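For reference, the structure is listed below as structure tokens.
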Amino acid sequence: MSNLMSGSQILLECLVREGVECVFGYPGGVMLPLYDAMYEHPMRHVLVRHEENACFAASGYSMATGKVGVCMATSGPGATNLTTGLVNALMDSTPVVAITGQVPTRLIGSDAFQEADTFGITRSCTKHNFLVKTLADLPRVIHEAFYLAATGRPGPVLVDLPKDILQGQTHYAPVSSIHLPGYKVYADGHAGQIRRAAQMMWEAQRPLVYAGGGIVSSNAHNELRRLVELLDTPAVCTLMGLGGLPSSHPNFVSMPGMHGSYAANMGLTHSDLLIAVGTRFDDRVTGRLSAFAPHAKVVHVDIDPSEIGKNRVADLPIVGDAKRVLVRLVKALEELSPQYSSRSAEARRDWWRQIRDWQTEHPLTPEISTSEIKPQHVMKEVDRISGGNAIVCADVGQHQMWAAQFIRFNGPRLWINSGGLGSMGFGLPAAIGAQFACPNKLVFALVGDGGFQMALPELSTVVTNGLPIKIVVVNNGYLGMVRQWQELFYNNRLCAVTLDSFPDAEKLAGAYGFTGRTVESPADLQSALEEAVAEPAPYLLNIKVCPDENVYPMVPAGGAISEMILGPPQPVAVS
Amino acid sequence: MLQIISLLVENKPGALMRITGVLTARGYNIESLTVARTLDPELSRMTIAVDVDPTLRQQVIKQMNKLINVLQAIDLTENAAVAREMLLMRVRAPLEARPAILKEAEIFGARVVDSSVDGFAVEATGEPEKLDEFVDVMRAYGDIEVTRSGMVAVCLEPRKLRLSAPIPKLDNYVGDHLAKGVLNA
């Protein structure tokens with residue numbers, strides 16, 4: 001039986017039907033009807049302190065759970081503030097639904113107060129967007145938005161709702177089906193291609209698994225592990241794919257790319273078959289494309305057909321969902337196993353010897369000093385406490401790369417960061433979302449002093465909601481990554497990278513009513529982290545690290561990944 | 001040579017912007033674009049002429065196919081297809097030039113659609129190159145003013161249209177599509 005409901009009530013009902021438990025948002029004029037309906041609705045609304053962070057928090061929530069994250073903002077400035085978060089979710093294929101208010105339909109296009117062309121502005125920021133102009137369309141659109149966000153290659157979907165739609169009344173009947181005739185998802189992969197891929201994999205001498213964020217978003221970690229073990233192949237996980245194969249797995253050879261390990265990059269360069277799954281041959285991984293994996297044939301599995309052949313031609317493309325394809329691929333490999341496994345074991349011994357040689361030649365070892373805190377040392381200590389099990393939400397920059405190099409993740413959805421867009425200010429709000437999603441897990445916001453200060457207002461959100469997030473500021477007093485580039489490629493002409501006047505951590509946290517501490521000596525590092533983790537409340541650790549440390553290895557922009565700068569220039573003896 | 005992309009799209013607000021956005025995001029200029037409803041009034045057929053490097057054109061078409069409102073995007077450049085364009089032209093013509101103009105129009109299969117003391121309005125249809133020639137010829141007779149429709153094209157081979165079926169859902173429905181697995185086309 002249908003009953004008379006307002007657009008706002010219908011929206012909330014649809015969210016409940018989609019299994020939404022909490023939304024991150026910020027109200028405003030045209031959203032008043034919705035917030036009025038929320039007054040007497042059990043939906044949990046988390047009031048952030050800036051709309052951009054509503055979208056980042058929704059992303060963190062989504063990345064920690066695999067569920068669709070939901071954020072809300074009002075028209076005009078609220079909606080424009082969401083855009084960075086939307087592009088971030090688009091670049092990292094994070095399922096997010098954004099609900100924005102809009103001026104009443106009769107005023108659209110009239111430069112009304114707090115009006116912006118949200119539908120136009122967010123067209124290129126989203127997987128798809130909707131402007132609802134008829135109340136009757138509302139429930140269908142909401143369900144379509146969730147369906148689009150979560151399926152295929154996940155991504156952000158925005159629904160723009162004029163105030164009169166939120167206010168209008170209609171008889172609500174649940175939507176019985178949705179129809180998106182042009183939305184094509186090829187999930188299963190081509191059976192013949194999968195068989196051929198299995199054969200290529202057994203026949204390869206130096207196969208290498210190159211796994212991306214698609215492993216995490218399609219929950220294909222178990223299948224990936226099975227494939228890696230079956231073939232006994234080395235595997236590299238990209239920045240977005242970390243945790244897709246446990247870092248402690250013997251076949252895991254760390255992250256490749258601009259700041260990847262020597263072994264990972266050399267492995268890619270010398271492999272004769274790349275098994276690329278859920279990854280998009282991003283420039284930060286490939287370096288100069290013409291020199292990337294020059295000896296390898298490529299099997300490329302991706303859910304998005306437009307990623308296949310975009311950067312690197314695939315010798316054997318498979319369009320499909322990583323999990324579904326890997327299930328069938330593993331089966332095909334098992335069927336062929338009696339024929340090949342003994343022969344391939346022999347070839348694999350040489351390949352592994354080579355990989356291990358590279359690993360010992362230039363291992364990823366954290367710099368540790370007794371006189372000053374090296375940033376890598378911080379990562380090592382966070383890693384020790386985490387034991388591969390904590391959720392680590394990083395910001396963007398040097399600390400992000402060190403974290404990716406030195407912190408282990410023994411499962412998916414533990415490493416949360418802004419990869420494709422590289423959006424500073426992501427770490428803290430993402431940690432808020434992740435802690436809401438996983439209230440009983442240890443969550444670190446591992447941030448630089450730059451990104452932390454971009455997200456500073458969210459300390460209120462942390463405290464208001466009693467989130468026991470451990471905020472670890474890796475404070476080098478610089479915009480470190482920019483400083484590193486200026487140092488290495490712009491003759492050390494440092495411009496606009498010094499971050500002076502960082503607030504006193506104790507006073508800052510104290511002003512918000514929680515504990516903060518500044519750590520300056522390596523001797524105190526371990527105990528300070530332990531103390532922070534022991535506290536059942538938020539904790540701010542301002543760790544003053546040595547300011548001039550750079551991230552190595554490093555592949556200069558446009559360089560071949562086999563030509564890494566492995567460390568700082570050595571001092572030359574003057575004769 | 002110009003290349004032709006033919007699209008079948010849902011007739012929805014914003015669809016045009018999404019499609020052209022794939023090209024403008026890369027800084028490509030659109031040489032011509034026509035769009036009109038098909039036999040099914042909920043769908044439109046769009047013909048876009050572009051000048052894009054061939055490998056990138058494939059990429060662009062894949063990205064267009066990815067759009068939710070696009071049912072099908074196909075490359076007609078190297079396929080059996082017929083492309084035509086329409087042209088309307090105003091020719092200022094002194095009385096003594098008129099017979100010659102009419103003769104030229106006849107050669108090009110053009111039709112006079114209006115006649116006044118100032119001159120003619122002429123309508124012509126044909127392959128774009130043919131229309132270029134017609135324009136060149138008519139220029140010799142004095143001032144002309146031209147409006148062209150841009151190319152419309154039809155594929156001569158039958159094309160299978162793969163559409164997704166409706167997704168039944170939502171009674172006792174609890175979210176998390178991911179746990180339920182992805183849609184199978």
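Convention: sequence-line order gives letters A, B, ...; per-chain numbering from 1. Note: hydrogens, waters and symmetry copies are ignored here, and every other heavy atom, side chains too, is used. Since this is a predicted model, take the numbers as computed values, not measurements.
Taking CG from B:Leu67 and CZ from A:Arg123, the interatomic distance works out to 8.5 Å, rounded to the nearest 0.5 Å. Within the model, atoms CG of A:Asp304 and CD of B:Gln63 stand 8.0 Å from one another, a figure rounded to the nearest 0.5 Å. Considering CD of A:Glu144 and CD1 of B:Ile68, their distance stands at 9.5 Å, rounded to 0.5 Å.
Taking all atoms of both residues into account, the shortest heavy-atom contact from A:Ser177 to B:Pro168 is CB-CA, 3.8 Å. Contact between B:Gln59 and A:Ser306 at its shortest, heavy atoms only, is NE2-O, 3.0 Å. A pairwise comparison of heavy atoms in A:His128 and B:Asn69 identifies CE1-OD1, 3.6 Å as the closest pair.
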Checklist entry - Is there a side chain to side chain contact (heavy atoms under 4.5 Å, CB included) between B:Lys66 and A:Tyr183 once you walk through the steps? => result CA-CA 7 Å; B:Lys66 216 167 99 172; A:Tyr183 180 54; over 6 Å; no
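The side-chain heavy atoms of A:Leu180 and B:Ser164, taken from C-beta on, include no pair separated by under 4.5 Å.
Contacts with chain A were tallied for B:Gln58, B:Lys62, B:Gln72, B:Arg18; B:Arg18 has the most, counting heavy-atom pairs under 4.5 Å. Counting heavy-atom pairs closer than 4.5 Å to chain B, the top-ranked of the candidates A:Pro305, A:Cys14, A:Ser124 is A:Pro305.
Applying the 6.0 Å contact sphere to CZ of B:Arg26 captures more than 12 heavy atoms from other residues, nucleotides or ligands. Atom CD of B:Glu157 has more than 12 heavy atoms from other residues, nucleotides or ligands within 6.0 Å.
For a residue to count as touching a neighbouring chain, one of its non-hydrogen atoms must lie under 4.5 Å from one of that chain's; by this rule A:Leu148 touches chain B with the side chain only.
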